[in-house]
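Within every chain, numbering begins at 1; the chains are lettered A, B, ... in the order of the sequence lines, protein sequences first and strands thereafter. All values reported here derive from a predicted model rather than from experimental measurement.
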Number of protein chains: 2
Amino acid sequence: MAGVSKEKKALRREHIRNTALALFAERGFEAVTVNEIAEAAGVAKVTLFNYFPSKEDLVLDGVKEDTAAVVAARRPGQTPLDALREHYLAMPDGVAGLDVEALMTRMRIIVGSAALVAGVQRIQYLQRVELAAVLSGRAACDAHTDDLEADLMAAQIVATVQMVQQGFFQRLAAGVSLREAGTSLAGDVRQAFDLLEHGYGRRYAQGD
Amino acid sequence: MAGVSKEKKALRREHIRNTALALFAERGFEAVTVNEIAEAAGVAKVTLFNYFPSKEDLVLDGVKEDTAAVVAARRPGQTPLDALREHYLAMPDGVAGLDVEALMTRMRIIVGSAALVAGVQRIQYLQRVELAAVLSGRAACDAHTDDLEADLMAAQIVATVQMVQQGFFQRLAAGVSLREAGTSLAGDVRQAFDLLEHGYGRRYAQGD
DNA sequence: AGCTAATGCGAACCGGGTTTACTTTTGAAC
DNA sequence: GTTCAAAAGTAAACCCGGTTCGCATTAGCT
């Protein structure tokens, strides 16, 4: 049957990824070559690239936040900002079931490599485009039909989410408990989305 | 004297860049190899990389908008948003003296290549970090000392500026006159910065 | 068992970028 | 103008991420 081979493939994929992450954690992303990873994992380089389209994907595969889906699924009468606020206030619950240590390792690998940080930016750019499409109600791959407001909002939401999330994971990485980090996160989420809703007004006027 | 050699170096640099841009415009960024560029420019590959740190830089060098400097130089009592609004309202005057055709060619090259678009994102990320530093008053290379509001504002400003600018250049690329594009730009700038100042409120509530 | 299709493989290749070791320019001092 | 040191240029070999190709192995199905 097909199911058993799928499972074996998934196992092999995880094996390759874990091998790679272990090496990256030890010596940094750029200091490890794909040849090494392949050898350490006991597969051919070409096989590695058969499972992961690029070296970056060994780390970044699966980091995409689907803000567009959250917004698209918002309840009647709910604004995109409300839907996202709700979603991110609930984030600690989602993280609770995961291997936080592994998550932190991956974070450390990412922030230790300019290429990976850039990769994250690239992924968020795609998110922004998707979100703008949802907001303006156009199909996901339409050309930019001049909905400046939707484009602006999408860009600002994605940027906001990234900042807030970054703070959350940094606190976790600093050893803060999941519970406490969750509390801080809640405050950050509220602050960030309130700013989006009500604006910056005259904040940061020169000379205050 | 040193001046004359500086001038010759600058000329050679421009020659290499122009050679490359011509090839890119003709066949696309990825379809041209640096070997070809070097040969076409009559220079060794290693010399090319001596002038430009990477193939991307042949196109992207000089695209960085220094929003951080604009904000840092704001007048007493002026908010960052006011300073930037003023600056971008004046943008058409800055563009007027430039070779618009060359600018458009470069734009077309960039949007024709995923790698270059990603490169632009990367550059804007650096801008965001600089701007956050200016806003929160910390030194440019300090570690992230938890000024969530400044980080948020920086991210949102950079995203906003990018969207507005993109619209401006797209209109120019579509053949709109500089004068008309300037008018549209003014409207976009005002709309965008008003949103930043006053927020999105309940815009895009589901079911409107 | 036997056939077919998928998967894995080594090796050669490509292109961006670096290193090395050598030659040419260059600019300035005499 | 000659000389000399530093700067800049060069060819060639190399490294690494990623692809292509032709062949071997395996898996699933009958």
Side-chain angles (χ1 to χ4, degrees), chain A residues 1-17 19-21 23-24 26-61 109-110 112-120 122-123, chain B residues 1-17 19-21 23-24 26-61 109-110 112-119 122:
Chain A
M1 67 183 76
V4 77
S5 90
K6 289 284 176 202
E7 191 181 335
K8 279 178 72 172
K9 277 184 71 167
L11 277 179
R12 185 173 258 207
R13 201 181 132 94
E14 278 319 291
H15 171 61
I16 293 172
R17 193 217 295 272
T19 307
L21 288 179
L23 289 172
F24 293 154
E26 191 183 332
R27 320 208 310 262
F29 181 72
E30 3 273 334
V32 179
T33 74
V34 295
N35 276 312
E36 283 181 285
I37 300 166
E39 192 175 351
V43 303
K45 181 172 71 160
V46 69
T47 301
L48 185 155
F49 281 114
N50 196 20
Y51 282 91
F52 297 90
S54 76
K55 186 186 180 188
E56 263 187 23
D57 279 85
L58 287 162
V59 182
L60 296 185
D61 183 67
I109 293 170
I110 292 174
S113 153
L116 289 175
V117 170
V120 171
R122 223 184 41 240
I123 290 168
Chain B
M1 65 182 74
V4 78
S5 89
K6 290 283 174 202
E7 191 181 337
K8 279 179 73 172
K9 276 185 71 168
L11 276 178
R12 185 171 251 204
R13 201 181 132 95
E14 277 319 291
H15 171 61
I16 293 172
R17 194 219 294 271
T19 306
L21 289 179
L23 289 172
F24 293 154
E26 192 182 333
R27 320 209 310 262
F29 181 72
E30 1 273 334
V32 180
T33 74
V34 295
N35 276 311
E36 283 181 282
I37 300 167
E39 192 176 350
V43 95
K45 180 171 72 160
V46 68
T47 300
L48 186 156
F49 280 114
N50 196 21
Y51 281 92
F52 297 91
S54 77
K55 187 185 179 188
E56 263 188 23
D57 279 86
L58 286 162
V59 183
L60 296 185
D61 183 65
I109 293 171
I110 292 173
S113 153
L116 288 175
V117 171
R122 222 186 39 241

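The side chain of A:Val46 approaches C:dG10 more closely than any other nucleotide in the set C:dG17, C:dG10, D:dA11. Closest contact between the side chain of A:Lys8 and the listed nucleotides D:dA27, C:dT26, C:dC9 involves D:dA27. Here C:dC9 is the nucleotide among C:dC9, D:dG9, C:dT26 with the atom lying nearest to any side-chain atom of A:Ala44. If you check C:dT7, D:dG9, C:dG8 against the side chain of A:Lys9, the one that comes closest is C:dT7.
Residue B:Asn35 has no polar side-chain atom (N or O) positioned under 4.0 Å from OP1 or OP2 of C:dG15. The side chain of A:Thr33 places no N or O atom within less than 4.0 Å of a non-bridging phosphate oxygen (OP1 or OP2) of D:dC16. A close approach under 4.0 Å does not occur between any side-chain nitrogen or oxygen of B:Arg12 and OP1 or OP2 of D:dA8. Within the 4.0 Å cut-off from OP1 or OP2 of C:dG15, not a single side-chain nitrogen or oxygen of B:Lys55 is found.
Across all strands, B:Val34 comes closer than 4.0 Å only to sugar-phosphate atoms, never to a base (heavy-atom distances). Residue B:Tyr51 is in sugar-phosphate contact alone, with no base atom involved, counting any heavy-atom pair closer than 4.0 Å across all strands shown.
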Subject >> Working for side-chain hydrogen bond (donor to acceptor under 3.5 Å, both in side chains), residues A:Asp57 and A:Ser54 >> reply: CA-CA 5 Å; A:Asp57 279 85; A:Ser54 76; 2.8 Å; yes
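With rounding to whole Å, A:Phe52 atom CZ is found 12 Å from C:dG8 atom P. In this structure, B:Phe49 places its CZ atom 13 Å from P of C:dG15, rounding to the nearest Å.
A donor-acceptor contact under 3.5 angstrom links the side-chain atoms of B:Lys45 to the base of C:dG17.
Once rounded to the nearest 0.5 Å, the distance linking CG of A:Leu60 with CD1 of A:Ile123 reads 4.5 Å.
Remark: A:Glu30 CD is packed, more than 12 non-hydrogen atoms of other residues, nucleotides or ligands lying under 6.0 Å away.
Looking only at side-chain heavy atoms (C-beta outward), A:Lys55 and A:Phe29 come within less than 4.5 Å of each other.
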